[in-house]
Engineer: 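Attaching a single structure in structure tokens format; questions to follow.
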Amino acid sequence: MPKTITTTKPIAGSRAGWLIKSEPSVFSIEDLQRDQRTAWEGVRNYQARNFMRDAMAEGDVALFYHSSSEPSGVAGLARVASRARPDPTQFDPTSPYFDATSSRTEPRWQLVEFAYLERFANFVSLAELKACADLEGMAVLQKGQRLSIQMVSKEHLAIVLGMGGSTHTLT
DNA sequence: GCCAACGTTGGC
DNA sequence: GCCAACGTTGGC
């Protein structure tokens, strides 16, 4: 029997989940499988931060996308495992994510934790995503789209789970 | 390695 | 408030 995911209520009738990008040379789905859980450090984009802070809910699922990779594509599935909280790396002068303009009293950057759900049986390449007519409009397929955290509609999520041979199904 | 697209910064 | 310059992302 497939495991079942209950997603939280959609925002504006469209959100069912997320897509999170990571360069696998930095942190891959295999790394998440090994660690089981990770703090998503280093997001330094306001829109992505706002998604984490305002719209993500614990239990939401996220497609784990390998970017700048050969091939790039969706490698697996993760789950939002915490609420948003200040990203400690913004205060760490030795971190590549250090932000001297952020203060501890008014932290600028947030993170959430993600938990491992699965590595897809079938890696879904960007080329396959592009070739799927039913995924038209998906954010990751838009030209010039660089946002590292994106909303994914329930319809698109279900299609990608199918393409990946996911053991999870949406309710 | 190239470069288009994008977000941010800062001069004015 | 405008916009040129810059740094970064990420596909190719």
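Quick note on labels: first sequence line is chain A, next is B, and so on, each numbered from 1. Remember, predicted model here, so these are calculated numbers, not experimental data.
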Engineer: Would you mind listing every ring pair (Phe, Tyr, Trp, His ring centres under 6.0 Å) that reaches into residues 117-153 of chain A, with sequence neighbours excluded?
Structural biologist: none
Engineer: Does anything in residues 122-142 of chain A reach DNA chain B, meaning a heavy atom under 4.0 Å, and if so which residues?
Structural biologist: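 Per residue number, the list is empty: none.
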Engineer: So, the side chain of A:His156 versus the backbone of A:Asp134: is there a donor-acceptor pair under 3.5 Å, distance only?
Structural biologist: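 Yes: the side chain of A:His156 pairs with the backbone of A:Asp134.
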Engineer: Under 4.0 Å from a heavy atom of chain A: give me the 5'-most and 3'-most nucleotides of DNA chain B that qualify.
Structural biologist: B:dA5 to B:dT8
Engineer: Answer yes or no: are there more than 12 heavy-atom neighbours, outside A:Arg53 itself, under 6.0 Å from its atom CZ?
Structural biologist: yes
Engineer: Quick one: which of A:Ser28, A:Ser68, A:Ser72 gives a side chain to side chain contact (heavy atoms under 4.5 Å, CB included) with A:Glu23?
Structural biologist: A:Ser68
Engineer: Taking all non-hydrogen atoms of both residues, which atom of A:Leu135 and which atom of A:Leu141 are closest, and how far apart?
Structural biologist: O-CD1, 3.7 Å
Engineer: Which heavy atom in A:Ala16 sits nearest to a heavy atom in A:Lys154, and how many Å separate them?
Structural biologist: CB-CA, 3.0 Å
Engineer: Please check if A:Tyr97 and A:Ile20 belong to a single hydrophobic cluster, counting links between Ile, Leu, Val, Met, Phe, Trp and Tyr side chain heavy atoms closer than 4.5 Å.
Structural biologist: no
Engineer: Can you pull the ring pair (Phe, Tyr, Trp, His ring centres under 6.0 Å) pairs that have at least one residue in residues 20-55 of chain A, sequence neighbours excluded?
Structural biologist: A:Trp18-A:Phe51, A:Trp40-A:Phe64, A:Trp40-A:Phe114, A:Tyr46-A:Trp109
Engineer: Heavy-atom contacts under 4.0 Å between residues 64-75 of chain A and DNA chain C, which residues?
Structural biologist: A:Tyr65, A:Ser67, A:Ser68, A:Ser72
Engineer: Using the side chain to side chain contact (heavy atoms under 4.5 Å, CB included) rule, pick out the option among A:Val43, A:Asp87, A:Val80 that qualifies with A:Met52.
Structural biologist: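 With A:Met52 as partner, A:Val43, A:Asp87, A:Val80 yield a single side chain to side chain contact (heavy atoms under 4.5 Å, CB included), made by A:Val43.
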Engineer: Could you name each residue pair satisfying salt bridge (charged side-chain N to carboxylate O under 4.0 Å, His left out) that touches residues 95-107 of chain A, not counting sequence neighbours?
Structural biologist: A:Asp99-A:Arg108
